[in-house]
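One structure, pasted below without further comment.
Quick note: numbers below take in every heavy atom, side chains included, and nothing from hydrogens, waters or symmetry partners.
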Amino acid sequence: MDILYSIYQLKLLKQAFKAILSYPLRSFFCLLGIALGIVSITLIIASIEGANKKANQLFSDFGPDAILIFSGSEHTRTARIRMNTLTLDDMKAIKELVIGCYETIPMVPVRNMTVVYGNKKWRTLGIGSTTEYFTSWGWKISEGSSFSEEDIKEHNNVAVIGQEIVKNIFNGNPQSAIGKTILLNNKPFYVAGVLKERGISFGSMVLDDRIIMPITTVMKKMLNERKYIGAIRARFIGDLTSRINDVNTLLRERHNLKGEMPNDFTIRTAEDAKQFLLVLQGTLVLFLGITGSISLVVGGFVMANLFMISVEERKSEIGIRRAFGAKKHHIIIQFLLECIIISLFGCVLGLILTYISSEIILAYTTIPISFSYKIFWITALVATIVGLISGLYPARKAAELNPVEALIA
Amino acid sequence: MLENPLIKLINIRKSFIIGNKEIEVLKGINLEIYPNDSIAIIGQSGSGKTTLMNIIGCMDRATSGTYLFKGRDITTFSDDELSSVRNESIGFVFQQFHLIPYITSLDNVILPTIYSKKNITDIKNKAIKLLTELGMGDKIYNKPTQLSGGQQQRVAIARALINDPEIILADEPTGALDTKTSEEIMDILIDLNKKGKTLIIITHEPDIAKRCKKTIRISDGHIV
């Protein structure tokens, strides 16, 4: 009985395919409606996955055991006022006094630093730091080498440049950059190495757009600064929250901040950065979620409507099928199959369109998009459900037609 | 006659409600049809012959009365059960041919087998054989719109035969055809009757009726 039933269904599948191909215009518009809905849905899923992936990468790049301490309070930072409050002594104190601290790295930023080589000019972010900078942040050197302890001791004019600089100054050829002398804020620097590409960006900030120099060189020769630094990266063993408390207390004490006085420094963790990214994604997800659902619903309505018209058009066909022995459920299954098949093809078209549009999005924006096989199954399921729901009413209507009346129509 | 009737109608009545009025179209029909009969049901339009055909063909139900089909009372059959009876036992031939326009002759002939539980092996070859016997061997992949009326009716006859029904039920089978083609189609139908099919033809043309063994005249809902 069941085997016979499945034989029916295969036969009905064939009938459904023939009908779909025989009404190409109807099928095409249904397909398009579903496809556009699928595009929206897949883009949501892909961007959620992309955001998660990016957040996780950010988390591991930043280091789950690391904190970043910036000069300036929360308030002045958001107001884009740069204040130097942290010192090299603060850093030493953290390393020596906070329990569990196993690494501290100072960083001094040079914003909007000009890079000149021949007739090429570029503006980038310069960072003065120590040799641990590279290992701690997970930066790998793809060509040449990083600067040495000796370079730091002797304030040598040595630079390690990011791929964005290679792209804009050395025509994308990293080998040609090694050993060249470039002008950074009008001072000659020797290019010792090139950073391996990270390919990540946050908003307008491209991670690969940076040049790393010995901190001593930057402070003494570029900024004429003896005491203050921009930021400290510190890593700890043990519970990070209590370590952050320790750092906070220590710095307040060192900066003579009493009672209600606000901090003149800001502490950031990987978790903060992740939260920031996820909040941004949240609004995007909501927006896309609404548009995606709407377009799928519209697609479903288009299909339901076109099938209602189709049932009207094909009354005589339904009458013929009934006269030759089709039961009501045969008619229902055939129409439902037509809807589901169209939906699934719409789903495939939608996925192709999504792939194309994601390539465009990836090329022109920084929205992270990531695909997995999960998307394929989710959308196929969604499309089947939409097909089923859209087809149910027209299919029932077709099956309930009086065979005699249908035949005359 | 010793044989049991294939179809036995006892006091069949059928009325339709149009507006507030109940109009009785069949007013107590008693009829017996035996295997291998060929019967013409003849009558003017409006006489109720099409309604009678729909009831005989299990497409419609009588308002009252009893319909015995092969001895079984099918008045109480469900919609699905009636579908099975149509599928297994009745081959329809219609005035307007009623082929599905978007599929080929072959697919039209195969159509009734989709809904059949019989496991007919090699349906396609059987359909091609039927079409070839009816002189349509070179048109099996043509769609109905590419065929003449006579050709379409031949495809329709092949379709009526594919499930080996006992009964061929033809409603004005020549009504849309010219005289010569009508003759050919009637020849085919009469030939099928000779080969053992029970033939029921609904018509208003005495010439067609003459070719059947029996003629039943229906007028104003009664058999006269």
**Asked** So which part of A:Gln334 gets closer than 4.5 Å to some heavy atom of chain B, the side chain, the backbone, both or neither?
**Response**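 For A:Gln334, the contact with chain B is made by the side chain alone.
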
**Request:** Counting only heavy atoms closer than 4.5 Å, note whether B:Ile100 contacts chain A via side chain, backbone, both or neither.
**Result:**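 Contact with chain A: backbone and side chain both.
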
**Message:** For chain B, which candidate among A:Ser22, A:Ala19, A:Ala326, A:Gly319 shows the most heavy-atom pairs at distances under 4.5 Å?
**Reply:**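 Of the options given, most contacts go to A:Ala326.
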
**Prompt:** Are any side-chain N or O atoms of A:Lys11 and backbone N or O atoms of B:Thr113, one a donor and one an acceptor, separated by less than 3.5 Å?
**Reply:**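 Side chain of A:Lys11 to backbone of B:Thr113, a donor-acceptor pair under 3.5 Å: yes, one is there.
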
**Request:** Could you please spell out the steps behind the side chain to side chain contact (heavy atoms under 4.5 Å, CB included) verdict for B:Arg86 and A:Phe324?
**Result:** CA-CA 6 Å; B:Arg86 290 198 296 272; A:Phe324 285 96; over 6 Å; no

**Message:** If I take atom CE from residue B:Met59 and atom CG from residue A:Leu407, how far apart are they, to the nearest 0.5 angstrom?
**Reply:**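 Going from CE on B:Met59 over to CG on A:Leu407, the span is 5.0 Å.
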
**Prompt:** Are any non-hydrogen side-chain atoms of A:Lys327 and B:Tyr115 less than 4.5 angstrom apart?
**Reply:**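 A side-chain contact is absent here, since even the closest heavy-atom pair is not under 4.5 Å.
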
**Message:** Other residues, nucleotides and ligands only: do more than 12 of their heavy atoms fall within 6.0 Å of CZ on A:Phe301?
**Reply:**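 No.
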
**Asked** Going through the distances and angles, do A:Ile320 and B:Arg159 end up as a side chain to side chain contact (heavy atoms under 4.5 Å, CB included)?
**Response** CA-CA 11 Å; A:Ile320 295 166; B:Arg159 175 179 61 181; 3.3 Å; yes

**Prompt:** Can you tell if the side chain of A:Ile408 reaches within under 4.5 Å of the side chain of B:Gln96, non-hydrogen atoms only?
**Reply:**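 No - every pair of side-chain heavy atoms lies 4.5 Å or more apart.
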
**Prompt:** When rounded to the nearest 0.5 angstrom, what is the spacing between CD in A:Gln15 and CD1 in B:Ile103?
**Reply:**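 Result: 5.5 Å between the selected atoms.
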
**Message:** Surrounding CZ of B:Phe77 (heavy atoms of other residues, nucleotides or ligands, distance under 6.0 Å), is the total greater than 12?
**Reply:**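 Check passes, neighbour count above 12.
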
**Interface moiety of B:Leu99 toward chain A, non-hydrogen atoms closer than 4.5 Å** =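 Only the backbone of B:Leu99 comes within 4.5 Å of chain A.
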
**Asked** Taking everything shown except A:Phe29 itself, do over 12 heavy atoms lie less than 6.0 Å from its CZ?
**Response**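 Open: at most 12 neighbouring heavy atoms sit under 6.0 Å from CZ of A:Phe29.
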
**Item:** Non-hydrogen atoms of B:Tyr102 and A:Arg321 that approach each other most closely
**Value:**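 Result for this residue pair: OH-NH2, 3.7 Å.
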
**Message:** Counting only heavy atoms not in B:Gln44 (residues, nucleotides, ligands), do more than 12 fall under 6.0 Å from its CD?
**Reply:**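 12 or below, so no.
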
**Prompt:** Counting heavy atoms not belonging to A:Phe345, are there more than 12 under 6.0 Å from its CZ?
**Reply:**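 Check fails, neighbour count at 12 or below.
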
**Request:** Run the salt-bridge test on B:Asp80 and A:Lys328 with the 4.0 Å N-O cut-off and return the result as yes or no.
**Result:**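 Salt bridge absent between B:Asp80 and A:Lys328.
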
**Request:** Name the option with the most non-hydrogen atom pairs under 4.5 Å to chain A; the candidates are B:Asp60, B:Asp79, B:Ile110.
**Result:**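 Option with the top pair count is B:Asp79.
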
